[in-house]
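Step one of this worksheet: look at the structure below.
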Amino acid sequence: MASVSTQPQFRYTQPPSKVLHLRNLPWECTEEELIELGKPFGKVVNTKCNVGANRNQAFIEFQDLNQAIAMISYYASSSEPAQVRGKTVYLQYSNRQEIVNNKTAADVAGNVLLVTIEGEDARLVSIDVLHLVFSAFGFVHKITTFEKTAGFQALVQFSDEPTATSAKDALDGRSIPRYLLPEHVGPCTLRITYSGHSDLSVKFQSHRSRDYTNPYLPVAQSAMEGSGQAMVGLDGKRLEAESNVLLASIENMQYAVTLDVLHMVFSAFGPIQKIAMFDKNGGLQALIQYPDIQTAVVAKDALEGHCIYDGGFCKLHISYSRHTDLSIKVNNDRSRDYTIPLTPVINVQPSVLGQQPVQNPMMGPPSQQQYNPYPPNSGQGPIPQSLAGWGTPPPPPPQHSMPMQMYNNVYMPPGTMAPPMAPGMPYPSQSTPQPASTMSTYGAGRSQ
DNA sequence: AGCACA
């Protein structure tokens, strides 16, 4: 049968439009390149690139029709064709009058992230764990969580878009480190897009929303009880008065827990000011002092019930101490004041530059070598599993205990301690938080 | 080298 050519597949003369259709573009041509191309002829108000099955078509929308006409007529008579990256591109009026960008809020970069927590036990991820995870990238202003058809979701507000973007790029598709979750909780994967919001409204501090910029925001429900020494959580559990000093007792202490090990474990959450260790009831206890309550709360929530070493050894039980400022009389292997700068001990001589620095003479040999016995089936010293970051073996315990040596360790938040859990995927260097910004993270806690 | 939400 003879096909009636009522609708020719291509019309060779298009009615003018301020939208131009471009084809034969280099693969994955960028918006910037399109703007460059159209700029000489007028104001490019919108573009859409990577169109079509081959992603080699695009649209340019000018502010005015005559600008589009100018571009078409110029190249119609030009001996040089329009080019992008040396490749000839073909121009024509589009058969549409405007570009419709189906950009949703999820595509527009902003300072607030929409986080979907995937997994059977997603609901069991606490807001504190989310706070900890996202704080690795900068100061988290606010978090709200809610239940939607998409599942358990959270909005996480950063100061600015670049910070949010660095968090999104680093965390999207990743799973929350196991050690931050209760043992029975299955894997929880984060799916992250941008939110349309720029400032979340948080009325109360509660188990579902937090405003970290305003620690004095009222706590939701009848959280206060009596004199304020104790509070009742939303689940009805009695809460102790929070403190910047934590009391840690260590159960099932099969291995030596040294000052340095404690320092390493607890400094994942913020700078440590002081540690004092002592024996009580035949067990080891330690007081760990942070500069602020907020950091202590995060550390307590993350570490409570967890074991320093794999296999249920050296299980931590953490409560808030009534102390607010420890009095450290002397720096020794059981107590230390990290706020007092020590005389520099390590001075790398020019002749040994590039070699390992000399070990701090104050310190004995590394704790792992000091301690016996090791488990029968392990020739290695135990490795603190709480620091096992994002599924990767943790760094060895610190060999030096000087404050300046510890500085980087102290301020390095958990998310930066280890490579991501996806093997072989490099951690984007740009998303690695700078110590300064991280300091502000921890520094912005409530003062007491 | 030929028009975008499938």
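Convention: sequence-line order gives letters A, B, ...; per-chain numbering from 1.
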To the nearest Å, give me how far apart [atom1] ([X]) and [atom2] ([N]) are.
X        : N     : atom1 : atom2 : answer
A/Lys103 : B/dC5 : NZ    : P     : 15 Å
A/Asn95  : B/dA4 : CG    : C1'   : 10 Å
A/His21  : B/dA4 : NE2   : C1'   : 8 Å
A/Gln92  : B/dA4 : CD    : C1'   : 14 Å
A/Asn102 : B/dA6 : CG    : C1'   : 10 Å
A/Arg96  : B/dA4 : CZ    : P     : 6 Å
A/Lys18  : B/dC3 : NZ    : C1'   : 16 Å
A/Gln97  : B/dA4 : CD    : P     : 15 Å

key: Test salt bridge (charged side-chain N to carboxylate O under 4.0 Å, His left out) applied to A/Asp128 and A/Lys300, A/Arg210, A/Arg208, the passing residue   =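 It is A/Arg210; the other options fail the test.
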Any salt bridge linking [X] with [Y]? Criterion: basic side-chain nitrogen under 4.0 Å from a carboxylate oxygen.
X        : Y        : value
A/Lys142 : A/Asp199 : yes
A/Arg123 : A/Glu147 : yes
A/Asp64  : A/Lys43  : no

inquiry  = With the threshold set at under 4.0 Å for non-hydrogen atoms, list the residues of residues 76-85 of chain A touching DNA chain B in residue-number order.
reply    =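 Result for residues 76-85 of chain A: none.
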inquiry  = Please give me every residue in residues 50-66 of chain A whose heavy atoms get under 4.0 Å of an atom in DNA chain B, ordered by residue number.
reply    =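 Per residue number, the list reads A/Val51, A/Gln57, A/Phe59.
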ask   = More 5' along DNA chain B: A/Lys87 or A/Val19, using each one's nearest nucleotide?
value =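 In this pair, the answer is A/Lys87.
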query = What residues form a side-chain contact (heavy atoms from CB on, under 4.5 Å) with A/Asn50, not counting sequence neighbours?
reply =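 A/Asn50 satisfies side-chain contact (heavy atoms from CB on, under 4.5 Å) with A/Glu28, A/Arg55 only.
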query = Is it the case that more than 12 heavy atoms not belonging to A/His317 sit under 6.0 Å from its NE2 atom?
reply =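 Enclosed.
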request  = Could you pull out the closest heavy-atom pair between A/Ile250 and A/Cys314, with the gap in Å?
outcome  =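 Smallest interatomic distance, heavy atoms only, reads CG2-CA, 3.6 Å.
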task = Would you mind classifying the nucleic acid contact of A/Val100 as base, sugar-phosphate or nothing, using non-hydrogen atoms under 4.0 angstrom?
result =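 The residue A/Val100 makes base contact.
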ask   = Of all the nucleotides listed (B/dG2, B/dA4, B/dA1), which has the minimum atom distance to the side chain of A/Tyr90?
value =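 When the side chain of A/Tyr90 is considered, B/dA1 is the closest of B/dG2, B/dA4, B/dA1.
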ask   = Looking at B/dA4, B/dG2, B/dC5, which one has an atom nearest to any side-chain atom of A/Lys48?
value =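 My answer, after comparing the listed nucleotides, is B/dA4.
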ask   = For B/dC3, does OP1 or OP2 lie under 4.0 Å from any side-chain N or O of A/Arg23?
value =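 No.
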ask   = Under 6.0 Å between ring centres, would you say that holds for A/Tyr93 and A/His21?
value =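 No, they do not, as the ring centres are separated by 6.0 Å or more.
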task = Could you tell me how the ring of A/Tyr309 sits relative to the ring of A/Tyr255: parallel (under 30°), tilted (30 to 60°) or perpendicular (over 60°)?
result =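 Taking A/Tyr255 first and then A/Tyr309, their aromatic rings stand perpendicular (interplane angle over 60°).
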